[in-house]
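Here is the structure we will look at.
Bear in mind the structure is a predicted one, so any value in this text is a computation, not a measurement. Position 1 is the first residue of the sequence, and the numbers go up from there.
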Amino acid sequence: MNVYIKVEESVCIDHKEIKMKDIMSLYCTDKDMEQQIKNKSIYHFIDRGDQRKCFSVLKVIEKIKEVDKTLDVINLGPQDFIVYYKKKQDESKIMHYGKILFVMLVAFFGASFSIMTYNTDVGIEELFYNVYEMIMGSAPNGPNLLHVSYTIGLAIGIIIFFNHAGKIKLNDDPTPFEVQMRLYERDVNDTLMIDAGRKEEEEDVDS
């Protein structure tokens, strides 16, 4: 009998005991066997703070074989994966919204500073001055139409590029920030799994 498994590359759980159903999707024609495998325990975190553990898919196959040695396990997912254990904590709404506000302020002032330093480096103020004087025939007296147009265009350009404005998305494509976060997450997982393999800390088959 064939058992098809697809393990997630990284999984986060809030309970210490890791069961098969927590880390993968599984298909078997025998539904009773499928449920039995899904409820099979693979690892148990010790009683302390947040932890992570790297696993080889061979460990999963070994545990499935403990249910029935005649099963043919076909892996459709990665060969190694990470399980994160994070203790469930009740966070107050004040703390939750405080973190959101902090991130918003950092992003706003950081972006503002970056735009201002860029404008200073390229001499945008002098450029606007010269363009206005060339077209209008007189020197500008304070902010003018060029400044307003530049500001509006900059805001529209940022919204279009990041594909995000509040809860509104222009289309279903992931934003550049989401893409970079996924790439960063994948690089972190790859590094952790390589380090665990070199340090022989990966949960593998019993030799």
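- Side-chain contact check for Tyr43 and Asp22: no donor-acceptor pair (N or O, by modelled atom type) lies under 3.5 Å.
- Residue Lys6 places its NZ atom among 12 or fewer non-hydrogen atoms of other residues, nucleotides or ligands, all under 6.0 Å distant.
- Residues Phe55 and Met20 share a single hydrophobic cluster, defined by chaining ILVMFWY side chains whose heavy atoms lie under 4.5 Å apart.
- Among all heavy-atom pairs drawn from Val7 and Met24, the shortest one is CA-CB, 3.7 Å.
- When side chains are defined from C-beta on, Glu125 does not count as touching Asn119, because their heavy atoms never get closer than 4.5 Å.
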Original post:
After noting the C-alpha distance and the side-chain angles of Val57 and Ile5, does the key distance pass the side-chain contact (heavy atoms from CB on, under 4.5 Å) rule?
Top reply: CA-CA 10 Å; Val57 75; Ile5 63 172; 4.1 Å; yes

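- Nearest approach of Lys40 to Lys63, heavy atoms of both residues: CE-O, 3.8 Å.
- Residue-environment remark: CE (Met136) stays at or below the threshold of 12 foreign heavy atoms within 6.0 Å.
- Across all their heavy atoms, Lys19 and Asn39 have their closest contact at CD-O, 3.8 Å.
- Atoms OG and OH, from Ser138 and Tyr132 in turn, are 5.0 Å apart once rounded to the nearest 0.5 Å.
- Going from atom CD1 of Ile82 over to atom OG1 of Thr191 covers 9.0 Å, rounded to the nearest 0.5 Å.
- Between Asn75 and Val60 there is no side-chain heavy-atom pair separated by less than 4.5 Å.
- A salt bridge links Glu185 with Arg182: the closest approach of a Lys/Arg side-chain nitrogen to an acidic carboxylate oxygen falls below 4.0 angstrom.
- Relative orientation of the Phe128 and Tyr150 rings is perpendicular, given thresholds of 30° and 60° on the angle between their planes.
- In this structure, CD in Gln35 is found 10.5 Å from CG in Asp30, a value given to the nearest 0.5 Å.
- Note on Tyr118: it clusters hydrophobically with Leu146, by side-chain heavy-atom contacts below 4.5 Å among ILVMFWY residues.
- Transitive grouping of hydrophobic side chains (ILVMFWY, heavy atoms separated by less than 4.5 Å) keeps Ile194 and Tyr84 in distinct clusters.
- The CD1 atom of Ile18 sits 4.5 Å away from the CD1 atom of Ile13 when rounded to the nearest 0.5 Å.
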**OP:** Could you check Glu34 against Leu26 for side-chain contact (heavy atoms from CB on, under 4.5 Å), going step by step and ending with a plain yes or no?
**Re:** CA-CA 7 Å; Glu34 181 178 304; Leu26 181 147; 3.2 Å; yes

**OP:** Show your reasoning for whether salt bridge (charged side-chain N to carboxylate O under 4.0 Å, His left out) applies to Lys65 and Glu62.
**Re:** CA-CA 5 Å; Lys65 289 287 187 177; Glu62 181 185 51; over 6 Å; no

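- Phe81 CZ to Leu192 CG: the interatomic distance, rounded to the nearest 0.5 Å, is 14.0 Å.
- With Gln51 contributing its side chain and Ile46 its backbone, the two residues share a donor-acceptor pair below 3.5 Å.
- Between Asp50 and Lys87 the shortest heavy-atom distance is OD1-N, 3.1 Å.
- Rounded to the nearest 0.5 Å, atoms CG (Asn2) and CG (Asp72) are 5.5 Å apart.
- Counting heavy atoms of neighbouring residues, nucleotides and ligands inside a 6.0 Å radius, atom NZ of Lys31 exceeds 12 of them.
- The environment of CD1 in Ile94 is sparse: at most 12 heavy-atom neighbours from other residues, nucleotides or ligands sit within 6.0 Å.
- Phe102 and Leu105 are members of different hydrophobic clusters when ILVMFWY side chains are connected at heavy-atom separations under 4.5 Å.
- Hydrophobic clustering of Ile, Leu, Val, Met, Phe, Trp and Tyr side chains at less than 4.5 Å, counting indirect connections, unites Tyr27 with Ile74.
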